[in-house]
Amino acid sequence: MDTGQDERLPVWEALTEFFLDTELDAADYNRIAEILAESGYSEDELRDILYYEVYPACYMNLFSVAGEWVGFGSDWIMEHIAPRKDKRPWFRVAPLFRGMVREHWEEVRTRINAI
């Protein structure tokens, strides 16, 4: 694992929680915000990581009847998200980036700014 992936793994792990078949509560949002705030990435960088790296790898879980609800795990993340590091997908993500993912991001972003 390269250094950039080592430092980004906790961010990826935290952001994948937006895509689990579980309900996040205030404690979850606070914990995720703390992890992201401690990462050293700016708010814009964190949004881009969510938007371009995590979302394209995880969004289909939101549509699955038997979606992942325990967690994606670091091996899965390294196989599916790490290769997207610092890359931009060929498709436009903006129309897809709605609903609960946007709501989760706004909850966490507000908490990051308060830290």
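Just so you know, these numbers come straight off a predicted model, no measurement behind them.
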Quick one: pull up [atom1] in [X] and [atom2] in [Y] and give me the separation to the nearest 0.5 Å.
X	Y	atom1	atom2	result
Trp76	Thr16	CH2	OG1	8.0 Å
Trp12	Ile81	CH2	CD1	7.5 Å
Leu46	Ile112	CG	CD1	5.5 Å
Tyr52	Asp86	OH	CG	12.5 Å
Ile115	Glu38	CD1	CD	7.5 Å
Phe72	Glu13	CZ	CD	12.0 Å

Determine the minimum heavy-atom distance between Ala57 and His80, stating which atoms define it. CB-O, 3.7 Å

Check: Asp28 side chain, Asp25 main-chain N or O, donor-acceptor pair, under 3.5 Å: yes

So does Ser39 get a backbone contact from the side chain of Glu7, meaning a donor-acceptor N/O pair under 3.5 Å? no

Considering only NZ, NE, NH1 and NH2 on the basic side and carboxylate oxygens on the acidic side, decide whether Arg31 and Glu34 come within less than 4.0 Å. no

When you check the gap from the basic side-chain N to the acidic O, do Glu107 and Arg111 get nearer than 4.0 Å? yes

Decide side-chain contact (heavy atoms from CB on, under 4.5 Å) for Tyr59 and Val101; before the verdict, give the C-alpha distance in whole Å, the side-chain angles of both, and the deciding distance to 0.1 Å. CA-CA 9 Å; Tyr59 80 94; Val101 174; over 6 Å; no

Mind checking whether [X] and [Y] sit in one hydrophobic cluster, side chains of I, L, V, M, F, W, Y counted as touching below 4.5 Å?
X	Y	result
Ile32	Leu20	yes
Met78	Tyr55	yes
Leu50	Ile35	no
Leu15	Met60	yes

Are any non-hydrogen side-chain atoms of [X] and [Y] less than 4.5 angstrom apart?
X	Y	result
Lys85	Ile49	no
Phe18	Val54	no
His104	Tyr29	yes

